[in-house]
Amino acid sequence: MKELIIEKIDSLPPLPKSVLELEKFRKLPNKDPRELRSIIEKDPLMITTILRVANSAMFAFKDKVETPSRAISLLGTNFCISIALGSVVQNLIKSNLEAYDVTTDDFLFISNLSSMLINVWISSVDEELKDELMLAAFLQEIGKFIISDLIVENNLIQEFQDKLKENDIENVEKEFMGFSCSRITANIFKHWNLSPNLIFTIGFVNDLDSCPKEFIKKAQILQIVKILCDITEPLSDGTIKRAIAKAIEYNFDIEPLVNAIDSLKVKISKEP
């Protein structure tokens, strides 16, 4: 499987100009929302996805959001960057998540939830760290598209799904692929020459013992987000219990995390 994964990643198309512009904009110390709007408006997929997210029940804005400018104003610059980049990346991989028995809409929901969790949880602790991690949280499960593709192509769907019912997703992915989803995602971003911060933070989420010291805290946070935003059971009693246990193990103050979880559970309850 390892060779097939490498082949899949090497065959991915190059990033479009809009993503390169967005990545360059993301690195600016001072981000002008008007410049973000001008980048987004060049890409119909970015516009469609951002407006769909802004008008979802998760946010429940009083009035319909009809323009990118309004969405940026309501959702925030960094959150919109995550949504825009994520929509294009998912489209480039052009796969589905049949192996996980979920839809791409389910995946987008989980990605949004992950970014929102970072936004609510980490903003109360470290604003700069929050800005660094929002995109990583949104994109860290992209490797699942490659995994699903290979599971389907090799007629392993039933076997894979049976294992998922009994075991942790990350362990099942590693059993079938030889790599964790986090490592596959990191290699996708390495192929596209994206930020080393993004690559290392995601790549070591499930390999903290080997993680460079400067990325450990970020990887620990993303691991907790990954647990909570499990694609098959987001914010369930079981995932919450596991996530809080990890937060305690990593010596995090759990009060901001618990408050963030409670806030997001209320938002989820409004989803149809």
Side-chain angles (χ1 to χ4, degrees), residues 15-94 103-124 127-142 145 189 194-195 198 225 228-229 231 234-235 260 263-272:
L15 293 172
K17 185 179 178 182
S18 58
V19 169
L20 298 177
E21 290 179 359
L22 203 54
E23 179 66 2
K24 183 178 178 181
F25 173 80
R26 187 175 71 87
K27 296 175 182 177
L28 295 175
N30 299 305
K31 301 178 182 68
D32 185 342
R34 292 172 296 181
E35 186 177 346
L36 175 59
R37 183 199 66 201
S38 69
I39 296 171
I40 289 171
E41 287 179 339
K42 297 175 187 175
D43 192 311
L45 179 61
M46 288 184 182
I47 295 174
T48 301
T49 307
I50 286 173
L51 292 180
R52 180 152 61 97
V53 171
N55 286 298
S56 68
M58 184 182 287
F59 293 99
F61 294 126
K62 184 177 179 182
D63 299 315
K64 185 177 180 181
V65 181
E66 297 182 335
T67 66
S69 294
R70 182 67 174 151
I72 293 168
S73 174
L74 291 170
L75 298 177
T77 299
N78 288 305
F79 193 70
C80 284
I81 289 172
S82 298
I83 297 169
L85 277 171
S87 65
V88 176
V89 166
Q90 289 180 28
N91 188 58
L92 283 174
I93 294 178
K94 291 186 183 302
T103 67
T104 51
D105 280 347
D106 294 328
F107 187 84
L108 180 60
F109 172 79
I110 292 300
S111 300
N112 289 332
L113 189 65
S114 298
S115 281
M116 287 179 66
L117 179 57
I118 290 291
N119 189 41
V120 178
W121 172 26
I122 305 301
S123 63
S124 66
E127 190 72 22
E128 186 176 335
L129 183 60
K130 178 209 78 174
D131 289 342
E132 283 189 51
L133 288 177
M134 281 188 70
L135 181 61
F138 191 93
L139 294 175
Q140 71 170 326
E141 297 282 55
I142 286 291
F145 286 94
F189 296 151
L194 291 178
S195 159
L198 193 65
V225 170
L228 283 167
C229 299
I231 197 167
L235 298 187
S263 174
L264 292 184
K265 286 188 76 173
V266 171
K267 288 182 178 294
I268 283 182
S269 69
K270 296 177 182 178
E271 284 285 309

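Each residue takes its place number in the sequence, starting with 1. All values below come from the heavy atoms of this structure, side chains included, with hydrogens, waters and symmetry mates left out.
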Practice problem: For atom CD of Glu127, decide whether the heavy atoms of other residues, nucleotides or ligands shown that lie under 6.0 angstrom number more than 12. | Solution: yes

Quiz prompt | Between Asn112 and Ser115, a side-chain donor and acceptor under 3.5 Å | solution = no

Self-check item: Heavy-atom pair with the smallest gap, counting every atom of Leu75 and Ala54
Solution: CD1-CB, 3.9 Å

Quiz item: Is there side-chain contact between Ile50 and Phe79, with heavy atoms separated by less than 4.5 Å?
Solution: no

Quiz item: Side chains of Phe138 and Leu108: does their closest heavy-atom pair fall under 4.5 Å?
Solution: yes

Self-check item: Any side-chain heavy-atom pair of Gln90 and Ile142 under 4.5 Å
Solution: yes

Quiz item: Is there a side-chain contact between Val225 and Leu133, using heavy atoms and a 4.5 Å cut-off?
Solution: no

Quiz item: How about Leu264 and Leu228: do any of their side-chain heavy atoms sit closer than 4.5 Å?
Solution: no

Practice problem: State, yes or no, whether a side-chain contact exists between Val19 and Leu92 at a heavy-atom distance under 4.5 Å. | Solution: no

Practice problem: Determine whether Ser114 and Ile110 make a side-chain contact, defined as any pair of heavy atoms from C-beta on separated by less than 4.5 Å. | Solution: yes

Quiz item: What distance separates Asp131 CG from Ile122 CD1, expressed to the nearest 0.5 Å?
Solution: 11.5 Å

Exercise. Please step through side-chain contact (heavy atoms from CB on, under 4.5 Å) for the pair Phe59 and Val65, ending with a clear verdict.
Key: CA-CA 11 Å; Phe59 293 99; Val65 181; over 6 Å; no

Quiz prompt | Side-chain donor or acceptor of Thr49 paired with backbone N/O of Met46 under 3.5 Å | solution = no

Quiz prompt | For Asn78 against Met134, the heavy-atom pair lying closest together | solution = CB-SD, 4.1 Å

Exercise. Using the side-chain contact (heavy atoms from CB on, under 4.5 Å) rule, take Lys130 and Asn119 through it: C-alpha gap first, then chi angles, then the decisive distance, then the call.
Key: CA-CA 6 Å; Lys130 178 209 78 174; Asn119 189 41; 3.3 Å; yes

Quiz item: Do any N or O atoms from the side chain of Ser38 and from the backbone of Glu35 form a donor-acceptor pair under 3.5 angstrom?
Solution: yes

Quiz prompt | Pairwise side-chain contact, Arg37 with Ile72, heavy-atom cut-off 4.5 Å (strictly under) | solution = yes

Less than 3.5 Å apart, which donor and acceptor atoms pair up between the side chains of residues 20-31 and the rest of the protein, not counting sequence neighbours?
| from | atom 1 | to | atom 2 | distance (Å) |
| --- | --- | --- | --- | --- |
| Glu21 | OE1 | Lys42 | NZ | 3.1 |
| Glu21 | OE2 | Lys42 | NZ | 3.4 |
| Glu23 | OE1 | Arg26 | NE | 3.0 |
| Glu23 | OE1 | Arg26 | NH2 | 3.3 |
| Glu23 | OE2 | Arg26 | NH2 | 3.0 |
| Lys31 | NZ | Arg26 | O | 3.2 |
| Lys31 | NZ | Leu28 | O | 3.1 |

Quiz item: Please, which pairs that meet salt bridge (charged side-chain N to carboxylate O under 4.0 Å, His left out) have at least one residue in residues 43-63, sequence neighbours excluded?
Solution: Arg52-Asp105

Quiz item: At what distance, to the nearest 0.5 angstrom, does CG of Leu85 lie from OG of Ser18?
Solution: 8.5 Å

Exercise. Please round to the nearest 0.5 Å and tell me the distance separating atom CG of Asp106 and atom CG of Leu113.
Key: 12.0 Å

Quiz item: Between CD of Glu66 and CG of Asn55, what distance do you get to the nearest 0.5 Å?
Solution: 8.0 Å

Quiz prompt | Identified side-chain contact (heavy atoms from CB on, under 4.5 Å) counterpart of Ile40 within the set Ile47, Ile81, Ile83, Leu45 | solution = Ile47

